[in-house]
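By convention in this document, chain letters (A, B, ...) are assigned in the order of the sequence lines, proteins followed by strands, and residues within each chain are numbered from 1.
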Number of protein chains: 2
Amino acid sequence: MDKNLKRMATMQRLQVTGLELFYRNGYYNTSIDDILKELSLSKGAFYHHFDSKEDFFVQIIQNLVVRKMYTMLIEPIEGHENSLELITNCFENALETAVHNELDFGFILGNFISEFNGKNPMIMKHLSDILKIWEVNLVSVIQKGKFNGYIDRHVDSEGVAVFLISSYMGIRTFMVENTPSARKYRFMIQLRQYFKSIAAKKEIV
Amino acid sequence: MDKNLKRMATMQRLQVTGLELFYRNGYYNTSIDDILKELSLSKGAFYHHFDSKEDFFVQIIQNLVVRKMYTMLIEPIEGHENSLELITNCFENALETAVHNELDFGFILGNFISEFNGKNPMIMKHLSDILKIWEVNLVSVIQKGKFNGYIDRHVDSEGVAVFLISSYMGIRTFMVENTPSARKYRFMIQLRQYFKSIAAKKEIV
DNA sequence: TTAATAGTAGACCAAGCGGTCTGTTTAAAC
DNA sequence: GTTTAAACAGACCGCTTGGTCTACTATTAA
């Protein structure tokens, strides 16, 4: 095989498995040997491709996490239809994959933020940046919703974004603890309730 | 000093410092030596009082965390006044202590749940129990609010509780990441907005 | 005063960690 | 075919971890 392709393939395999394990067991609780064992690779291979465990993790964030974030939580809410409906569907889908215990990149962020908070400012910076992307996109979608007449013009777009991100990260933590499907269901109903309250009041003019 | 008093005092000191460090650095990332160093105590002292690190942690949960949970998040919302107002004030206060980086026991729970999820079912059970206490109390307060005419009788009390716990744990994670005070402010406004939407509609009869 | 025991100190251990280093295999370049 | 460098294997190192064990000290009961 072409050397460069082989390099890419190995790095990709390491990163995918790495994220999987970091997600399941946490960063500090996952050893490099754990990842290597899963792939039947050696220390030599790992340190040939990555400088350190930290460098490895940062690359995972920048490659896998950012990309998935876009496809799961950002792209689905872009468009010119009803913003609130788009966000609702997006959350619905994201939480549904979470019910089935698949990788959920909104949740991953929250998890890692708790883990690295106060310990590794450099990694925190990277996590913050991604969260910021999500936040900025939410704000702009909400503002679009105001212009399009779907959302009440008096609401604070920034505030809604903060509230949405919070409740999403929160329900995800709460879902791992017990009865994920039932909690998702209840959560979505209350989210719709909240959305109704910030929707534009019809024909008051 | 009386031996039994001394025993209690040492155990208490260990637990308080232990919780502090576990909260700041995580359970797996805090060594027993870290705690011992802080108090200038030895391994001998520790293992004379506790069977293991795990046993130590469980005792912290059962003593400190449960108690603080009551004083911070449960007792403040008991009473016969407007439930929604009580909860609002309670969240306001709890988040304010969080802004000042003090121990926040609602957040502690969320943090530990992420950390132990899938790793230590026994500890997860203990954390779940505490969360359940919070949840049950919220539900009963909300139901009281319905009876008292403060909350719309059609809302799902269980759902509201899920939504509240989620958003609380979520905003706490989000607050550690950046500008805690501003985010708290924005969050509270949206929470009030949500509360308004589930409040009993006045004199429609 | 003495015997017994709770409390404490800290050397020690095996296991696991991130990371290094040397040697071997593999594949592209000539 | 030979050379060269990338890809990989795995022994090894220094350090930290949770936990044990033996010895010393302080306190209480007799």
Side-chain angles (χ1 to χ4, degrees), chain A residues 1-61 112 115-116 118-123, chain B residues 1-61 112 115-116 118-123:
Chain A
M1 203 201 299
D2 180 279
K3 281 255 163 142
N4 201 39
L5 276 182
K6 179 157 197 176
R7 176 182 176 82
M8 290 304 193
T10 305
M11 288 177 78
Q12 184 74 7
R13 286 205 307 151
L14 281 167
Q15 290 182 27
V16 168
T17 306
L19 178 57
E20 182 79 35
L21 293 186
F22 287 147
Y23 173 64
R24 280 220 305 266
N25 310 323
Y27 175 81
Y28 293 108
N29 220 29
T30 302
S31 71
I32 294 172
D33 278 328
D34 289 342
I35 300 162
L36 262 13
K37 203 185 296 171
E38 198 96 346
L39 297 170
S40 300
L41 282 172
S42 67
K43 277 263 172 77
F46 182 89
Y47 281 96
H48 179 71
H49 294 298
F50 302 99
D51 292 344
S52 64
K53 189 185 181 184
E54 185 173 307
D55 166 59
F56 176 57
F57 186 74
V58 170
Q59 291 206 39
I60 288 180
I61 294 177
F112 286 147
E115 188 167 7
F116 289 110
K119 268 173 277 180
N120 192 320
M122 188 260 204
I123 289 188
Chain B
M1 202 201 301
D2 180 280
K3 281 256 163 140
N4 201 39
L5 277 182
K6 180 159 193 177
R7 175 184 176 82
M8 289 303 194
T10 307
M11 288 177 79
Q12 184 74 7
R13 286 206 306 150
L14 280 167
Q15 290 182 27
V16 169
T17 306
L19 179 58
E20 182 79 35
L21 294 187
F22 286 147
Y23 173 63
R24 281 221 304 268
N25 309 322
Y27 174 82
Y28 293 109
N29 221 28
T30 302
S31 71
I32 294 171
D33 279 328
D34 289 342
I35 301 163
L36 263 14
K37 203 184 294 170
E38 198 97 345
L39 296 170
S40 298
L41 281 172
S42 67
K43 278 263 173 77
F46 182 88
Y47 281 97
H48 180 71
H49 294 298
F50 302 99
D51 292 343
S52 65
K53 190 184 182 185
E54 185 174 306
D55 167 59
F56 176 57
F57 185 74
V58 170
Q59 292 206 38
I60 288 180
I61 294 179
F112 286 148
E115 188 168 8
F116 289 110
K119 268 172 276 179
N120 192 320
M122 188 259 204
I123 290 187

Report the distance from atom [atom1] of [X] to atom [atom2] of [N], rounded to the nearest whole Å.
| X | N | atom1 | atom2 | answer |
| --- | --- | --- | --- | --- |
| B:Tyr28 | C:dG18 | OH | P | 16 Å |
| B:Ile35 | D:dG19 | CD1 | P | 11 Å |
| A:Met8 | D:dC8 | CE | P | 13 Å |
| A:Lys43 | C:dG23 | NZ | C1' | 17 Å |
| B:Phe57 | D:dG18 | CZ | C1' | 16 Å |
| B:Leu36 | D:dG19 | CG | C1' | 12 Å |
| B:Asn29 | D:dC15 | CG | P | 19 Å |
| B:Leu41 | C:dT8 | CG | P | 7 Å |

Candidates [options] - which lies nearest the side chain of [X]:
| X | options | answer |
| --- | --- | --- |
| B:Ser42 | D:dC8, D:dG18, C:dG10 | C:dG10 |
| B:His48 | C:dA6, D:dG18, D:dA9 | C:dA6 |
| B:Lys6 | D:dT17, D:dC8, C:dG7 | C:dG7 |
| B:Ser31 | C:dC17, D:dC8, D:dT17 | D:dT17 |
| B:Ala45 | C:dG7, D:dA7, C:dA9 | C:dA9 |
| B:Ile32 | D:dG18, C:dT8, D:dT17 | D:dG18 |

Inset, instruction - Examine D:dC8: is either OP1 or OP2 under 4.0 Å from a nitrogen or oxygen in the side chain of A:Thr10? Give yes or no. - result: yes
Inset, instruction - Look at the side-chain N and O atoms of A:Arg7 and state whether any lies under 4.0 Å from the OP1 or OP2 oxygen of D:dA6. - result: no
Legend entry - Reference residue A:Asp34; test side chain to side chain contact (heavy atoms under 4.5 Å, CB included); the match among A:Leu36, A:Ile32, A:Thr30: A:Thr30
Inset, instruction - May I ask you to establish whether B:Lys119 and B:Tyr27 are in a cation-pi arrangement, using a distance under 6.0 Å from NZ or CZ to the six-membered ring centre and at most 45° from the ring axis? - result: no
Inset, instruction - Classify the angle between the aromatic ring planes of B:Phe50 and B:Phe56 as parallel (below 30°), tilted (30 to 60°) or perpendicular (above 60°). - result: perpendicular
Legend entry - Side chain A:Asp55, main chain A:Asp51, donor-acceptor under 3.5 Å: yes
Legend entry - Pair B:Tyr28 + B:Phe116: ring centers closer than 6.0 Å: yes
Inset, instruction - Just call it for B:Lys53: base, sugar-phosphate, or nothing, with non-hydrogen atoms closer than 4.0 Å on any strand. - result: sugar-phosphate
